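Since the structure comes first, as structure tokens, the remarks are kept for the end.
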Amino acid sequence: MSADEALSPARTPVVVAIDGPAGSGKSSVSKAAAVALGYAFLDTGAAYRALTWLALERGVPPTDAAAIVGLLHDFHYTTEVHGDTTIVRVADGARASVDVTEAIREPRVTAAVSDIARIAEVRIALNEVFRRLIRRTDRPGIVVEGRDITTVVAPDAEVRILLTAAEEVRIARRSAELSPGAASTASQLRERDRRDAQVVDFLTAAPGVTTIDSTELDFGQTVQAVVELVRATTSPH
Ligand SMILES: Nc1ncnc2c1ncn2[C@@H]1O[C@H](COP(=O)(O)OP(=O)(O)O)[C@@H](O)[C@H]1O
Ligand SMILES: Nc1ccn([C@@H]2O[C@H](COP(=O)(O)OP(=O)(O)O)[C@@H](O)[C@H]2O)c(=O)n1
């Protein structure tokens with residue numbers, strides 16, 4: 001235990017764990033639900049993306065597991081919430097911290113991130129970072145979203161949700177966001193889900209995990225479903 005943890009009053013934030021495939025609405029819905037609940041928000045995919053960005057900057061091939069694990073010593077990532085935006089920064093060697101908020105969404109990062117996410121040592125190291133961020137939350141709760149939050153990062157979370165939507169609906173939402181040819185968005189999203197699913201299962205709900213399927217729900221209804229589940233689970237009976 002670090003000195004600041006020892007000094008802080010005993011307090012356990014409510015953890016809301018949300019997993020799901022690409023384009024299911026995890027980050028947008030989680031962020032809006034966190035705002036409605038007055039909770040903090042942690043986008044774990046942003047950390048995998050930030051490490052991928054660093055590897056590409058340094059010219060380290062994402063498939064070179066040993067070199068990527070070596071990069072972890074030099075990987076210092078921070079997030080700050082400013083209104084609706086979460087600013088992600090990475091300390092890049094001699095340069096002070098670099099704002100990578102937009103760079104981590106670039107197609108070159110999206111195309112390489114699954115290679116990095118399949119390295120076991122990377123997952124172990126990032127999971128430790130996530131658990132520390134969860135413990136240090138200064139809010140009454142935190143919404144944490146990713147692929148293995150309900151099963152690995154926070155299996156004891158009070159609220160555990162699998163957020164899904166039909167594949168064609170997820171592709172249409174992502175295409176509307178990115179705007180280039182829907183065909184490439186579709187094949188990239190399918191391929192990334194296929195590769196990610198080889199590492200962690202985010203397509204079936206683990207025991208105790210509630211599925212919210214947003215195929216027929218609009219954005220507001222999906223946020224409402226999450227918020228209602230959290231309130232129903234955490235309010236005193
Ligand atoms: N229920 C919904 N109805 C309509 N659009 C949605 C819904 N949920 C999410 N979206 C939109 O779909 C897109 C993808 O959502 P995002 O949160 O980036 O997904 P993920 O983090 O799971 O990849 C965003 O533009 C988001 O606003
Ligand atoms: N908990 C997590 C979160 C993300 N990831 C990896 O990080 C990538 C990017 O995650 P993301 O949540 O930003 O992806 P989107 O679903 O938003 O497109 C995923 O494709 C996975 O390879 C993971 O392995 N485990």
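Fair warning: this is a prediction, and the values are worked out from it, not measured in the lab. Index from 1, following the sequence. Read the numbers this way: they start at 1 and go in the same order the structure lists the ligands and their atoms.
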Could you check [atom] against the protein and tell me its nearest heavy-atom contact, residue, atom and distance included?
atom                    : value
atom 21 (O) of ligand 1 : Ser27 N, 2.9 Å
atom 24 (C) of ligand 1 : Glu177 OE2, 3.1 Å
atom 4 (C) of ligand 1  : Arg173 NE, 3.4 Å
atom 1 (N) of ligand 1  : Thr222 OG1, 2.8 Å
atom 19 (O) of ligand 1 : Gly25 N, 3.1 Å

Taking only heavy atoms of [X], which atoms of ligand 2 are found under 4.0 Å from at least one of them?
X      : answer
Arg105 : 13 (O)
Gly146 : 1 (N), 3 (C)
Arg192 : 9 (C), 14 (O), 15 (P), 18 (O), 19 (C), 20 (O)

Hey, are [X] and [Y] close enough for a salt bridge, meaning a charged N less than 4.0 Å from a carboxylate O?
X      : Y      : answer
Lys26  : Asp43  : no
Arg131 : Glu128 : yes
Arg108 : Glu57  : yes

Distance check, rounded to the nearest 0.5 Å: [X] atom [atom1] versus [Y] atom [atom2]?
X      : Y      : atom1 : atom2 : value
Ile87  : Thr101 : CD1   : OG1   : 4.0 Å
Leu42  : Ile142 : CG    : CD1   : 5.0 Å
Ile161 : Ile149 : CD1   : CD1   : 12.5 Å
Thr150 : Phe202 : OG1   : CZ    : 11.5 Å

Do [X] and [Y] come close enough that some side-chain heavy atom pair is under 4.5 Å?
X     : Y      : answer
Phe75 : Leu126 : yes
Val29 : Leu163 : yes
Arg58 : Asp74  : yes

Within reach of ligand 1, part of [X] (heavy-atom separation under 4.0 Å):
X      : answer
Pro21  : backbone
Arg170 : neither
Leu217 : backbone
Lys26  : both

> Heavy-atom contacts under 4.0 Å between Glu177 and ligand 2: side chain, backbone, both, or neither?
Replying inline: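 Neither part.
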
>> Heavy atoms only, cut-off 4.0 Å: how does Ala117 contact ligand 2, side chain, backbone, both, or neither?
In response: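 Side chain only.
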
If we only consider heavy atoms of [X], is any one of them less than 4.0 Å away from an atom in ligand 2?
X      : value
Arg118 : no
Arg174 : yes
Ser114 : yes

> Applying the 4.5 Å side-chain criterion to the ILVMFWY set and letting contacts propagate, would Leu51 and Val199 be lumped into a single cluster?
Replying inline: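 No, Leu51 does not connect to Val199 through the hydrophobic network.
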
> What atoms of ligand 1 come within less than 4.0 Å of a heavy atom belonging to Arg174?
Replying inline: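 Numbered from 1, ligand 1 contributes 16 (P), 18 (O), 19 (O), 20 (P), 23 (O).
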
> Short list, please: which atoms of ligand 1 are under 4.0 Å from a heavy atom of Ser28?
Replying inline: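 In order of number, 9 (C), 15 (O), 16 (P), 17 (O), 26 (C), 27 (O).
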
> If you measure from atom 2 (C) of ligand 2 to every heavy atom of Arg170, Arg195, Arg147, Gln188, which option wins on shortest distance?
Replying inline: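 Among Arg170, Arg195, Arg147, Gln188, the closest heavy atom to atom 2 (C) of ligand 2 belongs to Arg147.
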
>> Tell me if a side-chain donor or acceptor on Arg192 pairs with a main-chain N or O of Ala111 at a distance below 3.5 Å.
In response: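 No.
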
> Donor-acceptor pair, Arg170 side chain versus Ser24 backbone, under 3.5 Å?
Replying inline: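 No.
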
> Is there a nitrogen or oxygen of Phe219 sitting under 3.5 Å from a nitrogen or oxygen of ligand 1?
Replying inline: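 For ligand 1, there is an N or O atom that lies under 3.5 Å from one belonging to Phe219.
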
>> When you compare ligand 1 with Ser24, is there at least one nitrogen or oxygen pair between them that comes in under 3.5 angstrom?
In response: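 Yes, since at least one N or O of Ser24 sits under 3.5 Å from an N or O of ligand 1.
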
> Contact between Gly23 and ligand 1, counting heavy atoms under 4.0 Å?
Replying inline: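 A heavy atom of Gly23 does come that close to ligand 1.
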
